[in-house]
Amino acid sequence: MRHALLLTLAALAAAPATPAASGRAQVPVEEFVLDNGMRFLLVRQPEKTTVSAGWVAHVGSANERPGMTGISHLFEHMMFKGTRTIGTKNAERDLEIIEEQERIQERIREIYREQRRRWRLGEISDPFDPDARPPELVELQRRFQELVEEQRSLMVKDEFDKIYTAAGASGMNAFTNQDMTVYFITVPANKLELWFWMESDRLFNPVFREFYSERDVVHEERRLRTESTPTGKYDEQFNAMFWVSHPYGWPVVGWPSDLRVISKKQADEYYATYYAPNNLTAALVGNFDPAEVRALAEKYFGRLQPGPHAPPDVVTLEVEQLAEKRMRAECDCQPQVEVRYHTVPFEHADSYALDVLAGLLNGRTGRLYKSLVLDQQIASSAAASQNSMKYAGYFSFFAEAKGEATPEQLEAAWYEELRRIREEPIPEDELQKVKNQIAADAYRRLERPFFLMIQLLYFDGLGDWKYINTWADKTLAVTADQVKEVARRYFGPERRSVALYYRKPGSAADQPPEGLADLPPQQQQMVKMQLRQLKQIEDPDKLRQILEQMRQRKDQMPPEFAPAMRVMERWIEGRIEQLDAAKGGER
C-alpha cells in the first residue's frame with residue numbers, strides 16, 4: 001500500500017513463475033484450523049531471530065460487481081486506518097462523526113443519482129463536473145469536509161505503523177490483485193504476541209475512519225497509475241477488451257465512476273462477507289514455538305465470529321473467443337506490441353507446459369532475446385509469460401521496438417517464434433537448461449523467510465498452498481512434445497487479442513535508464529512500470545524517502561533482483577538532482 005515498487009517486488013517473488021523446490025526438498029508446513037474456520041500455515045526456522053507473518057483474505061477484484069469495482073483494493077487502504085483502540089484520541093466522537101458523515105453521503109448519493117439522470121438526457125456533459133454541482137451539493141460537500149477535518153484532529157496518524165515500528169517490526173505492507181488481498185510484516189521473534197493482538201484487533205474491531213476521503217485517495221492513485229502514464233489507459237482498455245464476460249475485465253483499482261459512489265454501507269456488507277475468519281488464512285515463517293502459536297491463535301483470532309454463509313464463488317466463466325481482436329493506440333511511448341491468448345487457470349494440467357514454454361522464450365539465453373534483440377535487432381526488450389489466475393488464465397507476449405522497428409515487425413517475429421516451437425524439434429539440452437533454471441531459482445527464492453511466507457499466502461489465495469511443494473516436480477516432468485502441444489492448442493488466431501502501440505506524432509519517448517537493457521525481460525517490464533509511476537512524483541523529498549526505504553529493504557530482496565534495484569536507484573538519484581536543480585532555478 002505504501003509504495004507500489006515494494007508491492008510489485010513482493011508479488012513478483014510470489015508469482016507462479018517462481019516454483020517451489022522439487023519434491024526432494026519439500027517445505028515443511030504445519031497446518032491447523034481454528035473452530036471459526038481460520039487456517040494457519042507454519043514453517044518453523046529456529047535459527048532465525050524474526051518471524052515473517054501475514055494473512056490473506058480470499059477476496060479480490062473478481063469478487064466485485066459493476067457499481068462497486070475497486071472496493072477490494074479500497075479495503076486494503078482502510079485496514080491500516082486503525083481500530084476502536086488504535087488511531088484515535090476520542091473513539092466515541094470518532095464513531096459519531098462517521099455516522100454523521102454517512103447521513104450526508106446518503107443525500108450526496110441521491111443528488112448524484114439525479115446528476116446521472118440529467119447526463120443521460122444530455123442536460124449536462126459530466127455528472128461529476130464540479131461546475132455543474134447544484135447548490136445543495138456544494139453545501140453538503142462543505143459540511144462533509146468540516147467533519148473530515150474534525151475527525152483528522154482526533155486521529156493519531158499512522159499509529160498502527162508506529163506501534164509496530166517501535167517494537168522493531170519492519171516491512172508492513174499489503175497488496176491486492178484479482179483473487180486476493182494480502183497483509184504482511186516481519187516482527188522480532190519476541191514480539192510475536194504483538195502481531196497476534198494487532199492483526200486480530202483490526203479484524204475484530206475495525207473502524208473505517210476517513211472512508212470517503214480515502215476513497216478519493218484511491219481515485220487519485222488510479223489517476224497517477226493509470227490515467228497519467230503513457231500506456232496506462234490503453235492497457236486498461238486492452239484488458240477490458242480481452243475479457244468479455246469474466247470479472248477479470250475490470251481493473252483492480254476500479255472504474256472511476258464506481259470509486260465516486262461506493263458507500264460505507266456497501267463496504268460494511270462486503271467486509272462481513274469476505275473478511276470473516278472462514279475466508280482467511282495466516283502464514284508464519286521464522287523462530288517460534290508451534291504450540292505457543294496455536295495458543296495465541298486461539299486466544300486472539302479465535303474470538304472472530306465466522307460468517308453465517310460461505311462467501312459466494314465466482315461463477316461467471318469467460319465465453320469462448322471466436323475471432324481475433326485488435327487495438328491500435330498512439331501514446332507518448334516507444335512503439336510496442338502485446339499479443340495475448342486465453343489459456344488456463346491455476347493448477348490446470350496444461351499450466352506446467354505453458355510455464356516451461358515461457359521459460360524457453362525468456363531470459364538472456366531465451367529465444368526471444370536471441371532472435372528479436374540480438375539477431376534481428378528490432379526490439380530493445382521482449383518477454384513472454386503464463387499468468388494462471390484462480391478462475392482463468394492467459395499467455396502474453398510483449399516487446400518494445402528498437403530504432404525504427406514497427407509493432408508489426410515485432411508481431412510478425414513473434415508468430416515466427418511460435419511456428420518454430422510448433423514445427424521444429426526442441427533440443428533436449430535447451431529444455432533441460434530451462435528446467436535447471438527452474439530448480440535453481442526455486443531454492444534461492446525459498447531461502448528467505450519473508451518470500452516463503454508471501455508464496456504460501458499467494459498460492460493459498462489462488463486455491464492451494466500445497467502448490468509450493470508440487471509445482472516443481474510437475475514442471476520438471478514436462479516433455480518437449482507437451483510444450484509443442486500447448487503451443488498448438490492455445491495459440492490459434494481466433495484466441496488472441498493484439499495491442500499495437502505507436503508513438504504519438506510530435507512526442508518523444510523517454511530514453512531508457514542506464515542498465516535497463518541488461519536486465520532480464522521480465523525485470524525490464526517491472527522497472528518500466530515502476531518508473532512510470534515514479535515519474536509522476538515531483539517532490540524530491542518524497543523520492544528521497546522512497547529511495548531510503550528501497551535501500552533499507554535490500555537485504556530482503558533475492559540476489560537476482562539486485563541489478564534491477566541498482567537501475568532504479570540510479571534513476572531516482574538522477575530524478576532527484578533534476579528536481580532540485582529545477583527548484584534552484586525557480587529561486
Side-chain angles (χ1 to χ4, degrees), residues 226-243 249 321 323-343 357-358 360-364 366-387 394-422 487 490-513 516-517 519-529 531-532 535:
T226 302
E227 298 167 8
S228 299
T229 58
T231 65
K233 293 177 290 186
Y234 304 108
D235 293 340
E236 184 178 80
Q237 291 205 2
F238 180 61
N239 187 67
M241 181 181 82
F242 180 77
W243 301 104
Q321 183 173 325
E324 181 189 69
K325 307 174 193 176
R326 299 183 75 83
M327 184 185 83
R328 185 187 190 279
E330 292 184 349
C331 55
D332 187 8
C333 62
Q334 188 70 6
Q336 54 198 263
V337 65
E338 181 180 357
V339 185
R340 191 187 290 188
Y341 303 83
H342 289 280
T343 55
L357 172 58
L360 288 169
L361 295 166
N362 285 328
R364 303 284 289 190
R367 294 190 177 199
L368 292 177
Y369 187 85
K370 286 182 177 179
S371 176
L372 278 68
V373 178
L374 295 181
D375 296 343
Q376 301 180 60
Q377 297 188 19
I378 59 173
S380 60
S381 64
S385 63
Q386 165 60 23
N387 190 1
Y394 66 86
F395 192 99
S396 177
F397 159 75
F398 174 86
E400 190 170 85
K402 179 180 180 181
E404 299 303 314
T406 66
E408 287 84 0
Q409 287 176 282
L410 299 175
E411 184 184 0
W414 162 244
Y415 297 145
E416 173 57 22
E417 291 306 314
L418 263 185
R419 185 201 64 77
R420 290 181 57 211
I421 291 287
R422 288 173 177 142
Y490 295 106
F491 298 154
E494 74 284 355
R495 298 179 67 93
R496 73 189 178 212
S497 296
V498 182
L500 304 169
Y501 296 85
Y502 301 85
R503 186 179 299 155
K504 186 184 299 182
S507 69
D510 293 338
Q511 291 296 314
L516 181 68
L519 300 178
Q522 188 179 18
Q523 291 190 26
Q524 287 188 32
Q525 297 313 309
M526 177 195 73
V527 170
K528 288 177 184 177
M529 182 179 70
L531 294 186
R532 287 174 186 169
K535 286 173 185 175

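- Considering SG of Cys331 and CZ of Arg503, their distance stands at 9.5 Å, rounded to 0.5 Å.
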**Study point:** Stepwise side chain to side chain donor-acceptor pair (under 3.5 Å) test for Gln334 and Ser380
**Key:** CA-CA 10 Å; Gln334 188 70 6; Ser380 60; over 6 Å; no
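- Looking only at atom types and distance, the side chain of Ser371 has a donor-acceptor partner in the side chain of Glu417 under 3.5 Å away.
- For Ser497, the side-chain contact (heavy atoms from CB on, under 4.5 Å) partners are Phe238, Met241, Phe242, Gln321, Lys325, not counting sequence neighbours.
- Not counting sequence neighbours, the partners of Arg495 by the side-chain contact (heavy atoms from CB on, under 4.5 Å) test are His342, Tyr490.
- Annotation: salt bridge (charged side-chain N to carboxylate O under 4.0 Å, His left out) contacts of Arg422 (sequence neighbours excluded): none.
- Using a 3.5 Å distance cut-off with no hydrogens or angles, the side chains of Asn239 and Tyr394 do not pair a donor with an acceptor.
- Listed by chain and number, the residues in a side chain to side chain donor-acceptor pair (under 3.5 Å) with Tyr502 are Glu408 (sequence neighbours excluded).
- With sequence neighbours left out, the side-chain contact (heavy atoms from CB on, under 4.5 Å) criterion links Val498 to Glu324, Arg326, Val337, Val339, Glu411, Tyr415, Arg496, Leu500.
- Taking Arg367 as the reference, Glu430 meet the salt bridge (charged side-chain N to carboxylate O under 4.0 Å, His left out) condition, with sequence neighbours excluded.
- The ring-ring contact (aromatic ring centres under 6.0 Å, His included) search around Phe395 returns Phe491, not counting sequence neighbours.
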Exercise for review: Show your working on side-chain contact (heavy atoms from CB on, under 4.5 Å) between Leu361 and Phe397 and close with a plain yes or no.
Suggested key: CA-CA 10 Å; Leu361 295 166; Phe397 159 75; over 6 Å; no
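- Applying the side-chain contact (heavy atoms from CB on, under 4.5 Å) test to Gln409 and every residue at least two apart in sequence or in another chain returns Ile378, Ala405, Thr406.
- A search for salt bridge (charged side-chain N to carboxylate O under 4.0 Å, His left out) contacts involving Glu416 returns Arg419, not counting sequence neighbours.
- Rounded to the nearest 0.5 angstrom, Ser381 OG and Lys402 NZ are separated by 11.0 Å.
- In this structure, the side chains of Trp414 and Leu418 come closer than 4.5 Å at one or more pairs of heavy atoms.
- The shortest non-hydrogen separation linking Ala384 to Ala358 is O-CB, 4.0 Å.
- To the nearest 0.5 Å, atom CG of residue Leu410 and atom CD of residue Gln376 are 9.0 Å apart.
- Residues Ala382 and Leu372 share a closest heavy-atom pair of CB-CD2, 4.1 Å.
- With rounding to the nearest 0.5 Å, the separation of CG in Leu357 from CG in Asn362 is 9.0 Å.
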Check your understanding: Could you go step by step and tell me if Glu236 and Lys233 meet the salt bridge (charged side-chain N to carboxylate O under 4.0 Å, His left out) rule?
Key -> CA-CA 5 Å; Glu236 184 178 80; Lys233 293 177 290 186; over 6 Å; no
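- In terms of modelled atom types and a separation under 3.5 Å, the side chain of Gln336 and the main chain of Tyr501 share no donor-acceptor contact.
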